[in-house]
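Reading through the structure tokens given below for one structure.
Throughout, protein chains are lettered first and strands after them, A, B, ... in sequence-line order, and every chain is numbered starting at 1.
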There are 4 protein chains.
Amino acid sequence: MYSKFLNVDPEKQERIINAASKEFAQKGYDNASTNEIVKEAGISKGLLFHYFKNKKGLYLFIFDYLQEMFREKIYENINWNEKDLFIRYREIGLLKFELIKSYPETVNFIKVAYLEDSNEVKSDLEQRQNILIATAYQKLFSDFDHSKFKENIDINKAIQIIFWSMEGFANQQQEKLKALSMDQVNPEETLVEMESYLDMLKEAFYK
Amino acid sequence: MYSKFLNVDPEKQERIINAASKEFAQKGYDNASTNEIVKEAGISKGLLFHYFKNKKGLYLFIFDYLQEMFREKIYENINWNEKDLFIRYREIGLLKFELIKSYPETVNFIKVAYLEDSNEVKSDLEQRQNILIATAYQKLFSDFDHSKFKENIDINKAIQIIFWSMEGFANQQQEKLKALSMDQVNPEETLVEMESYLDMLKEAFYK
Amino acid sequence: MYSKFLNVDPEKQERIINAASKEFAQKGYDNASTNEIVKEAGISKGLLFHYFKNKKGLYLFIFDYLQEMFREKIYENINWNEKDLFIRYREIGLLKFELIKSYPETVNFIKVAYLEDSNEVKSDLEQRQNILIATAYQKLFSDFDHSKFKENIDINKAIQIIFWSMEGFANQQQEKLKALSMDQVNPEETLVEMESYLDMLKEAFYK
Amino acid sequence: MYSKFLNVDPEKQERIINAASKEFAQKGYDNASTNEIVKEAGISKGLLFHYFKNKKGLYLFIFDYLQEMFREKIYENINWNEKDLFIRYREIGLLKFELIKSYPETVNFIKVAYLEDSNEVKSDLEQRQNILIATAYQKLFSDFDHSKFKENIDINKAIQIIFWSMEGFANQQQEKLKALSMDQVNPEETLVEMESYLDMLKEAFYK
DNA sequence: TATGAATGAGTCTTCATTCAT
DNA sequence: GATGAATGAAGACTCATTCAT
């Protein structure tokens, strides 16, 4: 499918991926300009379409490529034997922080893609997201040791609340990041704050 | 500012507001077409720009107008004397449900506006949202009776967790709504489910 | 449908019709450039699409417009009471000559349109041509006085032969015209030659 | 000129000729895509231009090649000793029918080439067609026995009328063919109808 | 000989905005 | 106030042709 692209000079591949993910993340699918992408990547108009056939092909390639990259990072960095929910969440939080620090543009692309509502790519994205949720996501946010929860509560609902809280916390931190530069943020502090939330939830739902 | 517009026949005002909010909600700022708006509203191209100067002016007017409308609805329907957090959340949940049922298009506009990332209006929207959060929002989600909380917990963090949980729940419900039509949803059921989450959180954080 | 266009300054209408029919006649539908048309007509890119929606709309408008123009000329200049086939063909030949002299570009457009095979407009053209053949064409090349034909021949086949001969003659003359300029052609001579063919066919098929 | 091409594997030559003639016949010179041709022929982009220098070179080669092929078929199948015009036309009609049945794509290419009006190849084609008409064509449609014609008529004009009638008939049959598939056509019937026209013309112009 | 990546001018079409009426 | 004709830059995408390998 994308064999043409995957056979070219890796440095050029990277330039194109960076240019495209940045443009798509900033402007969304419809308003991203292939003109801008080729200008930024330093390639000709025709070449982009030689590689990807059309704008949609480029977008979905970038999506798949980055998704896969993050999936790999996650697989490598999560201790799948650990079944304690709170320990897992600490790991996830730490990893998320690392990823944002290392690949800010691309993290942003993936995040924005979940909100993309251009008719042109909507259904393809939804399909991909359903697959993702049914696989990696599932594995990441379930399969916990239930024996540690208090006995008189609905465990699935408790897990939901923890999930929502962590998402809320992450969004809050990202909002802060927008205003400040990466350097001004103290990762230690953020992680300590996250832990304090996790501790409150542990106190609430664990025996 | 928009005095020209506000002096015209109210029925025409409504036609324009409806046409514009629908178009913006469906396509986002950049992809919304002023052509479509004037066609739907039954007015001429020039008149729209006579009233609002440019597309951005129209967008921000619509945003302010609808925001204000919802603010009024909220003020009228919330019992501001009630300081119990969980009772307040029940009221908010109920009200949200009513609003979605009565003004689906406009609720959608406001919701989408918070995700709008067109460079053209981004900063103006952020400014408005900051103001909002500092005023109405603040009032809605704070000023609670702290005496009912357990004594050894960080009350502000508990309030955050409850807020994030309710946001997560609302988003989950909206996802469901997308697939189903409004009629197929059982409001009773939704509210019961919401209450069960609230009860769990109450158990966790109240004395 | 094309009311926008039909309401503008007739001189501008003419410029656009001339520019478009010339471009389409020379290059065919697909290869005609709307860029060239607007340049030649002295209007902006957007205006053309304001009038005609798209290239196809422009093409079909031009086709209908010119077709109708020629239809009117034919109706005015043919003596419909005359039922003698050979007198009718003399009239048609004379009229054709006049039209080519007065509207060389547009005659060319119509002629080329019958050979157009772009998928984009093929079916629309065929439909129009079927209608035309079923109406004007039919009337022009049928309804003759059969009593003057020799009795032992197939009259319909005789009429066909006369039709094909006149078409062949007209094409031959147009080929000559391409090489020479209009001025160098002697209309008298052409008409005399045509008559000599008609006389031979009359001798062959009339009593 | 095309020595590079003529020295390669004949099977590959054939693949290229078939692919190119099909594409050109279907879309005309300008809209034919060299991309499609190389894809269909199973060769690389560069190789096509290595053989033929450019698109025009390819087109004219194909034209000459097919023209020559048909010229040979004609020479082999026409009885050049027979000087009777009507017998010759019967032979030609029969041969045309055979060729259309055996080489539909390539016959189509030649036919369409005569209507080709792309500026890029127009003059080259016209030149070739003039040469053709001055040679093979001349021989095919002239050099008849004049002694059989009625004495008081212009024999050259009579020959023209017969030529135009046969062309008209052939076009009429091809129109029919477009609607129907080749299998649905009854060759017997077509030839009988052709003969009836020839008989009428014979009656008209022969002693 | 053979490949196919690379080019960039050209294609039609849409758009917010202006301005004479 | 109200109209809608007019603008032209920008959009995605295609194409014949070249050239390093």
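Counting to the nearest Å, the P atom of E:dT11 and the CD1 atom of C:I37 are 11 Å from each other. Taking atom OH on D:Y29 and atom P on F:dA16, their separation rounds to 9 Å, with Å as the unit. As a whole-Å value, the separation of A:L47 CG from F:dC19 P is 17 Å. With rounding to whole Å, D:L48 atom CG is found 17 Å from E:dA5 atom C1'. B:E23 has its CD atom 14 Å from the P atom of E:dT14, to the nearest Å. Between A:D30 atom CG and E:dC15 atom P there is a gap of 11 Å when expressed in whole angstrom units.
Ring-plane geometry between B:F70 and B:Y103 is classed as perpendicular, the angle between the planes exceeding 60 degrees on a 0 to 90 degree scale with a lower cut at 30. Ring planes of D:F5 and D:Y51: perpendicular class, angle over 60° (limits at 30 and 60°).
Set against F:dA2, E:dT3, E:dT14, the side chain of C:F49 has E:dT14 as its closest nucleotide. Proximity note for A:S33 (side chain, C-beta onward) versus E:dT3, E:dA5, F:dA12: the nearest is F:dA12. Nearest nucleotide to the D:Y51 side chain, out of E:dA2, E:dT7, E:dT3: E:dA2.
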task: Evaluate the criterion ring-ring contact (aromatic ring centres under 6.0 Å, His included) for residue pair D:F109 and D:Y59; output intermediate values, then yes/no.
output: CA-CA 10 Å; D:F109 174 91; D:Y59 184 85; 5.4 Å; yes

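A donor-acceptor pair is defined here as one N or O able to donate and one able to accept, closer than 3.5 Å; such a pair exists between the side chain of A:N7 and the backbone of A:S3. With hydrogens and angles disregarded, a donor-acceptor distance shorter than 3.5 Å links the side chain of C:K55 to the backbone of C:Y29. In this structure, the side chain of C:Q13 engages the main chain of C:V8 through a donor-acceptor pair within 3.5 Å.
Look at B:E11 and B:R15 and you find a salt bridge, because one of the NZ, NE, NH1 or NH2 atoms lies within 4.0 Å of a carboxylate O, short of that distance. Salt-bridge check for B:K27 with B:E23: passed, with a basic side-chain N closer than 4.0 Å to an acidic carboxylate O.
Contacts of residues 3-17 of chain D with DNA chain E (heavy atom under 4.0 Å): D:K12. Looking at residues 52-64 of chain D, you'll see D:N54, D:K55 sit with a heavy atom under 4.0 Å from some atom of DNA chain F.
Rounding to the nearest 0.5 angstrom, the gap separating the CG atom in A:L66 from the CD atom in A:E105 is 11.0 Å.
Comparing B:S44 and C:I43 along DNA chain F, the residue whose closest nucleotide (by nearest heavy atom) sits nearer the 5' end is B:S44. Nearer the 5' end of DNA chain E, as judged by each residue's closest nucleotide, is the contact made by A:G46, out of C:E36 and A:G46.
Closest non-hydrogen pair, B:G57 versus B:Y2, comes out as O-OH, 3.2 Å.
Using a 4.5 Å cut-off on side-chain heavy atoms (C-beta onward), C:L132 and C:Y114 make contact.
Remark: the B:K22 side chain and the B:T106 side chain contain no N/O donor-acceptor pair separated by less than 3.5 Å.
Between A:N35 and F:dG11 there is a side-chain polar atom (N or O) within less than 4.0 angstrom of OP1 or OP2. Taking only side-chain nitrogens and oxygens, A:H50 comes nearer than 4.0 Å to OP1 or OP2 of E:dA5. Taking 4.0 angstrom as the limit, A:T34 places a side-chain polar atom (N or O) nearer than this to OP1 or OP2 of F:dA12.
Where pairing requires Watson-Crick or G-U contacts shorter than 3.5 Å, the helical stems of DNA chain E with at least three consecutive pairs are E:2-21 with F:2-21.
No hydrogens or angles were tested; on distance alone, nothing pairs the side chain of A:K45 with the base of F:dT14 as donor and acceptor under 3.5 Å.
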